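Everything on this sheet refers to the single structure shown next.
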Protein chains: 2
Amino acid sequence: MKTPLACRPHDHSRCVHSALSEADALCARQGVRLTALRRRVLELVWQSHKPLGAYDILAVLSEEDGRRAAPPTVYRALDFLLENGLVHRIASLNAFVGCNHPEHAHQGQFLICRQCHTAIELEQPAISEAIVAGARTVGFTVEGQTVEIVGLCAACREAA
Amino acid sequence: MKTPLACRPHDHSRCVHSALSEADALCARQGVRLTALRRRVLELVWQSHKPLGAYDILAVLSEEDGRRAAPPTVYRALDFLLENGLVHRIASLNAFVGCNHPEHAHQGQFLICRQCHTAIELEQPAISEAIVAGARTVGFTVEGQTVEIVGLCAACREAA
DNA sequence: AAAGAGACGTTATTCTATTACTCTTTTGCC
DNA sequence: GGCAAAAGAGTAATAGAATAACGTCTCTTT
């Protein structure tokens with residue numbers, strides 16, 4: 001079902017590499033362990049331009065290891081990455097994407113193209129603030145936000 | 001796992017009743033059929049103060065019918081109700097809630113209390129507009145919004 | 001009455017995620 | 001270095017969410 005998508009050629013492998021380096025540094029600073037497995041999972045998530053399902057990751061790991069990996073292996077790694085802000089989960093897709101700004105805690109907003117399936121992470125304080133303000137009108141205290149927008153990205157709209 | 005929650009006594013059954021009447025009228029107007037099954041599923045969703053899982057609905061139907069219903073039965077009814085704007089799906093919970101404003105097409109924002117699990121539907125143009133504006137900054141055209149907020153509702157915050 | 005469409009039943013399967021238990025590796029401490 | 005404790009990872013089984021494929025029934029509509 002999931003077709004691997006062409007990379008914009010420019011520097012994607014370099015992006016992945018720098019994301020991994022940043023993750024290394026961040027984990028060292030936090031005193032948590034970015035093990036080989038966790039790092040590999042993070043790399044796979046970053047390599048994909050689209051949100052990646054746990055079982056997609058599982059399939060890759062199984063193939064490269066010979067022995068077929070089991071779900072908990074992947075889910076544990078993903079839990080670690082989520083806890084440490086290195087990836088985000090897209091609830092509406094049951095999938096995961098690398099976080100663009102792992103250096104500070106946040107919950108992004110996601111723009112998901114229905115055409116190319118790319119997920120763009122947004123961090124617009126105006127959106128968060130509108131939500132907090134809206135919630136306050138009914139006395140609700142916001143603790144976490146899930147904002148997932150589907151539509152057409154700029155590239156796909158032009159192409160159409 | 002899911003504990004049935006106490007109703008605010010006031011007039012909940014009347015709320016459900018009026019929601020169903022409204023659904024009847026709306027379906028008649030649209031020329032679509034709110035069959036007994038679909039109506040029953042809608043009633044169950046409305047009766048619950050919390051987002052209801054498809055398999056919760058399935059369990060109730062199975063119990064009251066004697067013969068155990070199968071998933072497609074419920075999912076088809078839910079699909080119909082979704083298409084006609086009578087219920088909303090909460091992606092982050094894999095669950096469904098009755099729509100408060102079925103009379104006009106819209107996509108609400110949902111406030112989900114982590115304590116009592118109640119879902120409050122919000123319809124704040126300011127939030128939608130902030131999202132559309134934010135998306136526009138990267139050339140993204142919004143077609144659908146999933147906004148699901150977790151936190152504490154007013155009642156639970158007071159109780160704490 | 002016959003045809004066609006829509007709704008529903010039934011079985012099986014896929015996809016997503018977790019539980020429970022074991023074994024290994026790493027780490028901190030002496 | 002050696003050792004206990006803790007963290008990480010393997011494994012098997014299962015739970016939970018959703019869909020596919022096919023058949024049957026029941027309405028209209030003609």
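If you're wondering where the values come from, they're calculated on a predicted model, not measured in any experiment. Here is the naming used below: chain letters follow the sequence lines, and residue numbers restart at 1 for every chain.
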What integer distance in Å separates L34(A):CG from dG8(D):P?
11 Å
Can you tell me how far the OH atom of Y75(B) sits from the OH atom of Y55(B), to the nearest 0.5 Å?
5.0 Å
Over all atoms of both residues, closest heavy-atom pair of A119(A) and V97(A):
CB-CG1, 4.0 Å
Tell me the interatomic distance from L52(A), atom CG, to dC15(C), atom C1', rounded to whole angstroms.
14 Å
Please tabulate the protein-to-nucleotide N/O contacts below 3.5 Å involving nucleotides 9-13 of chain C, giving atom names and distances.
residue : atom : partner : partner atom : Å
dG9(C)  : OP2  : T73(B)  : OG1          : 3.1
dG9(C)  : N7   : R76(B)  : NH2          : 2.6
dG9(C)  : O6   : R76(B)  : NH1          : 3.1

Non-hydrogen atoms of R38(B) and L34(B) that approach each other most closely
CB-CD1, 3.9 Å
Can you see if the side chain of R38(A) gets near the phosphate of dA9(D) - specifically, an N or O under 4.0 Å from OP1 or OP2?
yes
Share the residues that join I149(A) in a hydrophobic cluster, the rule being Ile, Leu, Val, Met, Phe, Trp or Tyr side chains under 4.5 Å apart at the heavy-atom level.
L111(A), I120(A), L122(A), I127(A), I131(A), V132(A), V138(A), F140(A), V142(A), V147(A), L111(B), I120(B), L122(B), I127(B), I131(B), V132(B), V138(B), F140(B), V142(B), V147(B), I149(B)
Between dG16(D) atom P and I57(B) atom CD1, what is the distance in whole Å?
16 Å
Could you give me the CA-CA distance, side-chain angles and deciding distance for H88(A) and H101(A), then say whether ring pair (Phe, Tyr, Trp, His ring centres under 6.0 Å) is met?
CA-CA 11 Å; H88(A) 291 288; H101(A) 313 291; 8.9 Å; no
Rounded to whole Å, how long is the line connecting atom CD of E83(B) with atom C1' of dG6(C)?
13 Å
Taking atom P of dT18(C) as reference, at what distance in whole Å does atom CG of L82(A) sit?
10 Å
For Y75(B) and dG16(D), what is the distance between atoms OH and C1' respectively, to the nearest whole Å?
8 Å
Using whole Å, report how far CG of L93(A) lies from P of dA17(C).
11 Å
Taking only the side-chain nitrogens and oxygens of N94(A), find out if one of them lies under 4.0 Å from OP1 or OP2 of dA17(C).
yes
Nearest 0.5 Å, what's the CD-CD distance between Q107(A) and E121(A)?
10.5 Å
Out of the candidates L78(A), L81(A), N94(A), T146(A), only one should pair with R89(A) under the side chain to side chain contact (heavy atoms under 4.5 Å, CB included) rule; please name it.
N94(A)
Between dG10(D) (P) and L58(A) (CG): distance, integer Å
11 Å
Has Y55(A) got its ring stacked on dT16(C), by the test of a centre gap below 5.5 Å and a plane angle below 30°?
yes
Where the side chain of R33(A) is defined as all heavy atoms beyond and including C-beta, which of dG8(D), dA17(C), dA17(D) is the nearest nucleotide?
dG8(D)
